[in-house]
Amino acid sequence: MASCSHAHCPFGLISKGLDAFSHLEVVFRFHLTDPTDLNLGARRPRDNPDWPEVGIFGHRNMRRINWLGVSRCRLLKVDGLDLHVEGLDAVDGTPVLDIKPWFVEFGPRGEVCQAHWTTDMLGHYFATQSPRKE
């Protein structure tokens with residue numbers, strides 16, 4: 001997020017009203033991805049031989065043509081320009097390009113279908129991990 005020291009800077013108002021929403025849609029850049037690790041051909045997600053080959057637009061991994069990611073997360077608290085969220089599918093320090101409040105009306109319309117392998121792959125993706133013992 002940007003910051004501004006000028007008293008009349010509009011950045012102080014950019015999060016105004018955001019606390020009325022429970023969820024956000026965050027657009028970010030996959031900044032840790034090796035730019036030489038781009039495969040435009042079809043491949044099996046996570047190299048799992050049980051799942052079909054799909055092209056780059058058939059899955060959501062970080063090896064994108066434009067290195068952009070999108071994640072929907074729960075907004076817990078707005079503190080000026082500090083947004084506290086949970087369930088954001090990005091690592092600490094990821095460059096955020098845009099933040100949008102989630103509108104139910106922009107969600108999918110009609111029946112939602114997806115490939116069966118996605119449910120297998122993501123069944124425990126957001127499961128809470130137990131703390132490590134040291």
Side-chain angles (χ1 to χ4, degrees):
M1 282 287 193
S3 63
C4 186
S5 60
H6 189 276
H8 301 297
C9 180
F11 286 121
L13 299 176
I14 64 175
S15 63
K16 184 174 182 163
L18 197 57
D19 57 353
F21 295 91
S22 64
H23 289 79
L24 302 175
E25 189 167 48
V26 179
V27 180
F28 57 90
R29 184 175 184 279
F30 286 112
H31 68 296
L32 299 178
T33 303
D34 178 357
T36 65
D37 188 21
L38 179 63
N39 180 353
L40 298 179
R43 63 178 191 78
R44 296 180 191 283
R46 299 198 178 160
D47 296 321
N48 186 325
D50 296 331
W51 297 334
E53 288 187 344
V54 294
I56 196 165
F57 293 142
H59 52 81
R60 297 180 57 100
N61 78 19
M62 63 191 167
R63 293 172 186 92
R64 314 296 302 168
I65 293 172
N66 59 15
W67 310 112
L68 295 179
V70 177
S71 181
R72 287 163 200 88
C73 59
R74 177 176 294 282
L75 177 61
L76 302 175
K77 179 182 173 185
V78 177
D79 184 16
L81 295 179
D82 291 327
L83 306 179
H84 301 260
V85 302
E86 72 178 3
L88 180 64
D89 189 18
V91 298
D92 190 32
T94 295
V96 172
L97 304 176
D98 198 7
I99 298 169
K100 301 174 184 205
W102 178 256
F103 295 175
V104 171
E105 293 80 5
F106 282 130
R109 293 181 271 302
E111 184 179 351
V112 176
C113 301
Q114 67 183 32
H116 72 279
W117 58 266
T118 61
T119 301
D120 294 341
M121 181 176 72
L122 299 172
H124 300 287
Y125 191 77
F126 287 106
T128 304
Q129 295 179 358
S130 57
R132 290 186 209 175
K133 294 182 181 178
E134 297 193 27

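A salt bridge links Arg74 with Glu86; the closest basic N to acidic carboxylate O contact falls under 4.0 Å.
Note on Val70 and Ile65: separate hydrophobic clusters, where clusters join Ile, Leu, Val, Met, Phe, Trp and Tyr whose side-chain heavy atoms are under 4.5 Å apart, directly or indirectly. Hydrophobic clustering keeps Ile99 apart from Trp102 (ILVMFWY residues linked when any side-chain heavy atoms are closer than 4.5 Å, directly or through intermediates). Put simply, Met121 and Val54 are part of the same group of oily side chains (I, L, V, M, F, W, Y) that touch within less than 4.5 Å, one to the next.
Separation of atoms CE (Met62) and CG (Leu38) is listed at 11.5 Å; rounding is to 0.5 Å. Rounding to the nearest 0.5 angstrom, the gap separating the NZ atom in Lys77 from the CG atom in Asp82 is 9.0 Å. Between the CG atom in Asp19 and the CG atom in Asp79 there is a gap of 11.0 Å [rounded to 0.5 Å]. For the atom pair CZ (Arg29) and CG (Leu32), the distance works out to 9.5 Å, reported to the nearest 0.5 Å. If you take NZ on Lys100 and CG on Leu18, they are separated by 13.0 Å, rounding to the nearest 0.5 Å.
A tilted orientation is assigned to the rings of Trp51 and Trp117, their planes being inclined by 30° to 60°. Below 30°, between 30° and 60°, or above 60°: for Phe30 and Phe28 the angle between ring planes is above 60°, a perpendicular geometry.
Between Leu88 and Leu24, every side-chain heavy-atom pair lies at or beyond the 4.5 Å cut-off. Residues His31 and Val91 have side chains in contact (heavy-atom distance under 4.5 Å, counting atoms from C-beta outward).
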Where do Phe57 and Arg64 land on the side-chain contact (heavy atoms from CB on, under 4.5 Å) test, with the steps shown first?
CA-CA 8 Å; Phe57 293 142; Arg64 314 296 302 168; 3.7 Å; yes
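The 12-atom threshold is not exceeded at CZ of Arg60, counting heavy atoms of other residues, nucleotides or ligands nearer than 6.0 Å.
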